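Data block below; observations after.
The model shown is predicted, which means the values in this text are computed figures rather than measured ones.
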Amino acid sequence: MDYERTLLSNDRREEFLLTIERGNRKRVRLKYQTRARKIVILARLDLDGPAHKNPPESPYRPNERLPCPHLHLYREGFESRIAYLLDEVPEFNISNPNNGLVWLEDFMKFCNIENVPDIQTTV
């Protein structure tokens with residue numbers, strides 16, 4: 001399941017994308033991401049999936065493999081290739097780590113997404 005939603009800046013000059021991706025073969029894999037200019041990943045939250053190895057020249061935990069969940073943030077010169085442990089990103093707060101819907105809501109808050117629509121869930 002993939003879901004994509006267009007977002008607009010407050011002044012309506014810039015367009016962003018919110019993407020939710022679920023793995024095809026490995027259904028537990030889940031990631032949320034925001035992009036600018038359709039291709040530039042600003043933030044990506046990998047909830048389930050393989051560990052990520054940071055580049056050797058990374059200013060944050062170089063050459064370390066970080067398990068999921070972890071957060072990728074855009075950084076000049078590295079794009080989104082650096083992953084961060086969630087408890088080391090003070091601005092990112094998960095209010096209930098046992099609820100998948102809360103992960104999405106908290107990710108959208110972290111990305112400053114306003115006017116979040118109601119999210120329908122299936123029973």
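With R35 as the fixed residue, the side-chain contact (heavy atoms from CB on, under 4.5 Å) test singles out one of L18, T19, L7: T19. Evaluated for a side-chain contact (heavy atoms from CB on, under 4.5 Å) with F107, the options L47, I20, L45 yield exactly one hit, L45.
Nearest heavy-atom pair across P97 and W103 is O-NE1, 3.0 Å. Nearest heavy-atom pair, P50 versus C68, reported as atom, atom and distance to 0.1 Å: O-SG, 3.7 Å. D106 and F92 get closest at one heavy-atom pair: O-CE1, 4.3 Å. Between Q33 and I41, the closest heavy-atom pair is OE1-CD1, 3.5 Å. Listed here is the closest heavy atom pair of R75 and P59: CZ-CG, 3.4 Å. Considering all non-hydrogen atoms of both residues, A43 and C111 come closest at CB-SG, 4.0 Å.
H52 and H72 have perpendicular rings, their planes meeting at more than 60° on a 0 to 90° scale where under 30° would count as parallel.
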Show me the donor-acceptor pairs within less than 3.5 Å that the side chains of residues 77-86 make with the rest of the protein, sequence neighbours left out.
unit_1 : atom_1 : unit_2 : atom_2 : d
R81    : NE     : F78    : O      : 3.3
R81    : NH2    : G77    : O      : 3.3

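Between Y3 and E21, the side chains place no donor N or O within less than 3.5 Å of an acceptor N or O (distance only, hydrogens not considered).
Looking at L71 and F110, their side chains come closer than 4.5 Å, going by heavy atoms from C-beta outward.
Ion pairing between R37 and E15 fails under the 4.0 Å rule for side-chain N and carboxylate O.
Panel note: side chain N54, backbone Y60; a donor-acceptor pair is recorded below 3.5 Å.
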